[in-house]
Amino acid sequence: MDRDIFLKQMVAFAMSKGISEDQAQRIMNKYIVKLDTSDSIVQHIGPEYYAYQILINEKLVDFVAL
């Protein structure tokens with residue numbers, strides 16, 4: 001998956017959790033460089049998972065067990 005598309009989906013997920021677009025973009029940009037978005041496992045897990053983990057790490061959302 002293209003890195004830009006992956007990033008846009010991560011930002012969209014963060015915005016769905018109440019984070020402003022500017023803040024979501026800033027936060028996700030810090031982490032996207034660490035992800036190999038061309039890796040099939042990363043693609044399978046998906047941008048929402050990574051965005052959620054980042055938001056938890058940044059203490060912007062609480063962990064909720066599914």
Side-chain angles (χ1 to χ4, degrees):
M1 178 182 293
D2 181 80
R3 185 178 297 274
D4 291 333
I5 294 170
F6 203 91
L7 177 61
K8 286 178 185 176
Q9 291 179 356
M10 290 172 68
V11 169
F13 178 82
M15 290 172 58
S16 77
K17 297 297 180 192
I19 309 300
S20 73
E21 184 175 3
D22 289 339
Q23 185 179 19
Q25 190 74 41
R26 232 179 325 105
I27 291 167
M28 298 307 160
N29 276 329
K30 289 191 316 189
Y31 291 90
I32 192 72
V33 296
K34 298 177 184 177
L35 287 173
D36 179 5
T37 58
S38 64
D39 181 83
S40 62
I41 294 172
V42 171
Q43 290 178 10
H44 178 73
I45 292 172
E48 291 84 6
Y49 171 82
Y50 289 103
Y52 186 51
Q53 297 305 313
I54 290 166
L55 294 176
I56 291 170
N57 189 54
E58 294 285 324
K59 298 178 177 33
L60 295 171
V61 296
D62 293 326
F63 171 77
V64 177
L66 300 176

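Along the sequence shown, residues carry numbers from 1.
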Quick one: list whatever passes side chain to side chain contact (heavy atoms under 4.5 Å, CB included) with [X], sequence neighbours left out.
X     : value
Asn29 : Leu7, Gln25, Ile32
Asp2  : Asp4, Ile5
Lys8  : none

Query raised in the report: Please, which pairs that meet salt bridge (charged side-chain N to carboxylate O under 4.0 Å, His left out) have at least one residue in residues 26-42, sequence neighbours excluded?
Result: Lys30-Glu58

Between side-chain atoms of residues 41-48 and protein atoms elsewhere (two or more places apart, or another chain), which donor-acceptor pairs fall under 3.5 Å?
residue : atom : partner : partner atom : Å
Gln43   : NE2  : Thr37   : O            : 2.9

Query - Side chain Arg3, main chain Ser38, donor-acceptor under 3.5 Å - result: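 Checking the backbone N and O of Ser38 against the side chain of Arg3, no donor-acceptor pair under 3.5 Å is found.
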
Distance-only donor-acceptor pairs under 3.5 Å for side chains of residues 9-24, two or more places apart:
residue : atom : partner : partner atom : Å
Ser16   : OG   : Phe13   : O            : 2.5
Ser20   : OG   : Gln23   : N            : 3.2

Requested in this report: Rounded to the nearest 0.5 Å, what's the gap from CD1 on Ile54 to OH on Tyr49? Could you check?
Outcome: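 Ile54 atom CD1 to Tyr49 atom OH measures 10.5 Å (nearest 0.5 Å).
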
